[in-house]
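What follows is one structure encoded as structure tokens, with my remarks underneath.
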Amino acid sequence: MDGTLKPIIAMLEERLRGALEIATGRKDCQPLVRLAGDARFGDYQANGVMPLAKELGRPPRDLAQRVVEALRVEDLCEPPEVAGPGFINLRLRPEFLARRLLDVAADPDRLGVDPTERPQNVVVDFSSPNIAKEMHVGHLRSTIIGDAICRVLDFQGHHVIRQNHIGDWGTQFGRVILGLWHVCMAEKHAADESGGLYFERELPALRECAHDTSRLEALCKAIRERHEKDWRTDSKVEEGDGEIVFKPFLESLSARPDETLWPSIQLGYQYVTTLEDLVTGMGLTVPTRQAGVIPYEDIGRHATAMLQNHENSKNQQEYSAWERVRRLTMHCCYQVYDRLGVTLRPEDERGESAYQPMLPQVVEDLKAAGLAVESEGAICVFPEGFKNKQGDPLPFIIRKSDGAYLYATTDLAAIRYRVDELHADRIIYVTDFRQAQHFAMLFATARMAGWAPAGVELQHITFGTMLGENGRPFKTRSGGTVKLAELLDEAVERAMAIVQEKNPDLPDDGKRHIAEAVGVGAVKYADYSTNRESDYVFSFDRMLAMEGNTAPYMQYAYARIKSIERKAAGRDVDIQSELAGLDAVTLTDPAEVDLAKHLIRYGEAVAATAKEWRLNLLTQYLYDLAQKFSAFYTNCPVLGAAAGQRGGRLLLCDLTARTIRHGLKDLLGIAVVEQM
RNA sequence: GUCCCCGUAGCUCAACGGAUAGAGCGUUGGCCUCCGGAGCCAAAGGUUAGAGGUUCGAAUCCUCUCGGGGACGCCA
């Protein structure tokens with residue numbers, strides 16, 4: 001094995017290009033070699049003759065015949081045939097196929113797939129959970145699609161820099177601190193009055209009467225009254241907010257266990273969010289130390305602005321509280337990442353907050369370059385080609401009229417960082433399609449500013465919405481967001497029931513292990529196996545089906561091969577030594593040939609997948625492989641095969657298992673199991 | 001209103017400008033002396049939303065119509 005197994009399509013294109021040159025006298029002809037669309041046309045087809053014939057005004061079949069005469073592929077193919085209007089059909093020779101199969105099998109790590117000749121520094125921005133929230137289904141696609149992209153890039157030999165752009169700044173910052181403050185106050189009230197935490201009662205109440213205006217207003221008014229009272233009793237006039245009760249509360253946080261604190265923090269944060277949404281437009285106000293009386297719904301934003309504008313020591317307590325919430329959130333995220341087999345690690349975290357110090361400079365530089373101007377109090381860039389509903393230039397707002405920065409600003413700072421500090425040749429963003437316009441404007445602005453030079457590729461990889469079986473966005477029955485951890489629990493539980501039914505004799509921990517692999521694998525595989533750009537309908541029943549293009553079917557195919565390996569010893573077959581001594585194979589049965597041809601195309605599948613990040617092309621390849629294996633398996637006995645056939649068949653089993661495992665586990669992060 | 005994406009078998013989805021548009025589920029019919037039947041083989045099922053156009057060739061590119069989704073100034 002010399003490590004240079006050139007893809008067959010590339011070899012054929014090269015030969016065809018030469019033949020086209022001879023037949024037409026032209027250089028740089030496009031041979032257009034593709035996988036044959038139909039097995040009757042052979043294995044590969046060249047479509048390049050027809051456009052050339054048209055251009056040269058020559059009869060296409062005649063030209064094709066001349067090309068075939070000039071074509072030297074005897075070492076690879078049977079004699080080429082001209083077909084239809086001018087196709088050239090190519091069929092691999094069995095000797096070449098057998099040789100290639102042995103070469104691929106002899107390459108344990110890369111399965112005959114060469115690394116790229118042009119390695120890049122590729123930044124992949126994906127997952128991006130939010131602080132103080134649990135990961136929900138909205139994070140699933142970005143997380144697993146981004147992860148698979150990273151894995152494929154790694155395999156191709158690129159230098160991958162994962163970036164988890166955590167939502168840890170902006171409006172949430174103030175709201176989370178405010179949520180913590182409510183946790184503090186609610187605990188104080190509960191201690192004084194020996195009741196439960198007030199937001200545990202009031203949050204559901206708020207949601208219930210969201211459409212009952214008079215009840216809602218009464219409730220919000222009462223909450224506001226208590227808020228003001230609590231705020232006043234917690235404040236020393238000479239120092240400001242939150243010294244008496246809130247400060248000691250924050251100091252006590254680090255001593256408290258995550259399990260009790262985390263649910264309270266999330267709930268407190270939801271409470272603030274819900275409350276601010278509902279009181280909007282109600283006319284309620286609240287006094288503040290810094291800004292005087294402000295609308296009640298603006299208090300979170302006020303807290304954000306204060307924190308963003310103050311680097312002084314007074315904010316130290318909030319900052320440490322913030323760190324605590326952040327750590328808790330990520331702890332929870334890593335539990336989900338681990339289950340999903342996602343490769344993100346703490347060193348990949350670079351949240352919005354990391355760019356916060358760079359934001360003023362971003363705005364200043366754009367202003368100095370004449371690209372950013374003030375408009376209606378905000379600082380905006382007007383990249384070319386974007387219009388609003390009136391047909392006027394559409395602003396890319398980089399600083400709000402209240403002085404706060406936005407995600408546009410953060411994203412621009414991130415581009416500068418990634419290009420200047422991380423030396424990115426390419427930056428890939430994995431987010432849903434709704435953000436397409438934002439990224440188009442972001443990229444346009446970064447190009448105008450020269451922060452992303454022409455040599456740096458900027459790619460927005462989008463995906464569609466996850467829908468429930470009713471065709472509406474995927475929600476719980478009550479309309480809430482579905483937590484990712486709970487979604488995985490249900491998938492695993494359902495998988496467990498199936499394992500229980502199919503294979504009741506396995507030990508319990510074996511069943512649990514299999515159920516985890518099958519359940520989580522099913523969720524991921526279902527996502528990967530559809531075109532990422534279309535919306536996709538989530539269905540436990542379909543993704544866990546044992547038939548069809550599903551994770552369980554793939555895992556089953558793998559387990560069957562492993563079962564053969566386990567049986568081998570009992571049949572006096574030593575697979576290792578038999579494979580080690582194999583220097584030639586003879587493929588006779590059509591199912592063997594079909595499987596072998598597919599096995600040597602793994603590299604083509606990986607390349608096609610990476611070209612436009614169509615992960616469904618990889619799952620399709622793997623599914624075809626599993627199907628071809630199953631056909632081979634039913635038609636061709638392996639352990640009981642004649643001596644001359646057994647080695648080749650063992651090789652097909654071995655390479656199929658390794659290819660499935662590589663594709664599933666190494667590239668998609670889906671576990672395989674020895675039995676199921 | 002402007003712009004973007006989508007519309008393919010009953011359902012869920014494929015198809016790199018190429019030949020007779022493919023799978024799976026479901027439906028119907030075959031295949032268990034044999035390594036895991038969670039399997040294999042086969043049949044039926046389509047005017048690729050509609051109408052024009054470009055092309056040797058269009059589900060794919062262009063124009064329009066209809067239907068669905070999304071974005072569109074201080075959320076991310």
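Convention: sequence-line order gives letters A, B, ...; per-chain numbering from 1.
- With a cut-off of 3.5 Å on both pairing distances, B/rU33 has no Watson-Crick or G-U wobble partner at all.
- Among the atoms of the strands shown, base atoms are found under 4.0 Å from some heavy atom of A/A83.
- Relative to the six-membered ring of A/Y633, A/R560 meets both conditions, a distance below 6.0 Å and an angle of at most 45° to the axis.
- Closest contact between the side chain of A/E376 and the listed nucleotides B/rC25, B/rG73, B/rG36 involves B/rG73.
- Looking at heavy-atom distances under 4.0 Å, A/S401 makes contact with a base.
- Within the structure, a side-chain polar atom (N or O) of A/Y553 is placed less than 4.0 Å from OP1 or OP2 of B/rC40.
- Between A/Q627 and the phosphate of B/rG24, there is a side-chain N or O to OP1/OP2 separation shorter than 4.0 Å.
- In this structure, A/R472 places its CZ atom 7 Å from P of B/rG69, rounding to the nearest Å.
- Residue A/R34 places its side chain closer to B/rC16 than to any other of B/rG39, B/rC16, B/rG36.
- If A/M50 and A/R571 are placed on RNA chain B by their nearest nucleotide, the residue sitting closer to the 5' end is A/M50.
- Proximity note for A/R560 (side chain, C-beta onward) versus B/rA76, B/rG37, B/rG18: the nearest is B/rG37.
- Rounded to whole angstrom, the span from the CZ atom of A/F396 across to the P atom of B/rA71 amounts to 17 Å.
- Residue whose closest nucleotide on RNA chain B sits further toward the 5' end, between A/Q620 and A/L406: A/Q620.
- A cation-pi arrangement is found for A/R601 relative to A/Y44, the charged atom lying closer than 6.0 Å to the ring centre and inside a 45° cone about the ring normal.
- Of the candidate nucleotides B/rA38, B/rG39, B/rG36, B/rA38 has the atom lying nearest to any side-chain atom of A/I498.
- Look at A/K567 and you'll find a side-chain N or O under 4.0 angstrom from OP1 or OP2 of B/rG36.
- A/Q675 comes within contact range of at least one nucleobase, with a heavy-atom separation under 4.0 Å.
- Donor-acceptor pairing under 3.5 Å is lacking for the side chains of A/R434 and A/T462.
- Taking atom CD1 of A/I131 as the reference point, atom P of B/rC75 lies 20 Å away to the nearest angstrom.
- Comparing B/rG36, B/rG39, B/rG70 by their closest approach to the side chain of A/R434 singles out B/rG70.
- Nucleic acid contact class of A/L394 (heavy atoms, under 4.0 Å, all strands): sugar-phosphate only.
- Checking B/rA19, B/rC72, B/rG73 against the side-chain heavy atoms of A/A378 singles out B/rG73 as nearest.
- Rounded to a whole Å, the CD1 atom of A/I564 is 12 Å from the C1' atom of B/rC34.
- Counting non-hydrogen atoms under 4.0 angstrom, A/P637 reaches a base of the nucleic acid.
- Rounded to whole Å, atom C1' of B/rC41 lies 18 Å from atom CZ of A/F632.
- Residues A/S127 and A/T143 have side chains that bring a donor and an acceptor to within less than 3.5 angstrom of each other.
- Within 4.0 Å (heavy atoms only), A/P395 reaches at least one base atom of the nucleic acid.
- Residue contacts shown for A/Y623 are limited to sugar-phosphate atoms, with no base heavy atom under 4.0 Å away.
- Of all nucleotides listed (B/rG36, B/rU12, B/rG18), B/rG18 comes nearest to the side chain of A/F87.
- Within the nucleic acid shown, A/C653 has no heavy atom closer than 4.0 Å to any nucleic acid atom.
- A/Q45 and A/N47 are linked by a side-chain donor-acceptor pair at a separation below 3.5 angstrom, with hydrogens and angles left out of the test.
- Out of B/rA71, B/rA76, B/rA19, the shortest distance to the side chain of A/Q437 is found at B/rA71.
- Residue contacts for A/S375: at a heavy-atom cut-off of 4.0 Å it reaches a base atom on one of the strands shown.
- Distance CD1 (A/I397) to P (B/rC72): 11 Å, rounded to an integer number of Å.
- Side-chain nitrogen and oxygen atoms of A/N616 include at least one within less than 4.0 Å of the OP1 or OP2 phosphate oxygen of B/rA15.
- The side chain of A/E547 sits closest to B/rC25 out of B/rC25, B/rA76, B/rG36.
- The aromatic rings of A/Y621 and A/H598 sit parallel, their planes meeting at an angle under 30°, below the 60° perpendicular limit.
- A/R649 places a side-chain heavy atom less than 4.5 Å from the side chain of A/P637.
- Dashed line: the shortest gap from a side-chain N or O of A/S563 to OP1 or OP2 of B/rG36 is under 4.0 Å.
- In this structure, B/rG18 forms a base pair with B/rC56, meeting either the Watson-Crick or the G-U wobble geometry with both donor-acceptor distances under 3.5 Å.
- In this structure, A/Y44 places its OH atom 14 Å from C1' of B/rC16, rounding to the nearest Å.
- Neither OP1 nor OP2 of B/rC16 sits under 4.0 Å from any side-chain N or O of A/R614.
- Using a 4.5 Å cut-off on side-chain heavy atoms (C-beta onward), A/C380 and A/S375 make contact.
- Within the nucleic acid shown, A/V537 comes within 4.0 Å of sugar-phosphate atoms alone, with no base atom in reach, counting heavy atoms only.
- Looking at heavy-atom distances under 4.0 Å, A/D392 makes no contact with the nucleic acid at all.
- Applying the 3.5 Å distance criterion, the base of B/rA21 shares no donor-acceptor pair with the side chain of A/D38.
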